[in-house]
Amino acid sequence: MTNKNNYRFYAAQDDQENKMLVIIQGHLNDNLLANAGRLTDPKFSPIANQLQNIMAHASFKDTNKGGEE
């Protein structure tokens, strides 16, 4: 999934129900990954709550087969 602003969305889920959702503007690269950190800005809290709700209700087991189950 991409759009005209060059955003890419990645998701994964393992066998223990751990989930990951990543939004990248531009291209995924080693430098970007090396500089990744936990987001703790309180201004992001309302969006974080919405994303937590989405994650709680989504399954990403088959993302490599075309998307969310």
Query raised in the report: How far does CD1 of I54 sit from CG of L21, to the nearest 0.5 angstrom?
Result: 8.0 Å
Query raised in the report: Residues two or more places apart in sequence or in another chain: which of them pass side chain to side chain contact (heavy atoms under 4.5 Å, CB included) with E17?
Result: Q13, K61
Requested in this report: Mark yes or no for whether R8, through its side chain, and I23, through its backbone, hold a donor-acceptor pair below 3.5 Å.
Outcome: no
Report summary line: By side-chain hydrogen bond (donor to acceptor under 3.5 Å, both in side chains), N18 pairs with (sequence neighbours left out) D14
Hey, can you pull the donor-acceptor pairs under 3.5 Å for the side chains in residues 27-40, sequence neighbours left out?
unit_1	atom_1	unit_2	atom_2	d
N29	OD1	N31	N	3.1
N29	OD1	L32	N	2.7
N29	ND2	H27	O	3.2
N31	OD1	N35	ND2	3.0
N35	ND2	N31	O	2.9

Give every donor-acceptor pair under 3.5 Å between a side-chain atom in residues 41-51 and any protein atom, sequence neighbours left out.
unit_1	atom_1	unit_2	atom_2	d
D41	OD1	K43	N	2.9
N49	ND2	S45	O	3.4

Query raised in the report: Can you find a heavy atom in the side chain of V22 that is under 4.5 Å from one in the side chain of F9?
Result: no
Query - With N53 via side chain to side chain contact (heavy atoms under 4.5 Å, CB included) - residues at least two apart - result: H57
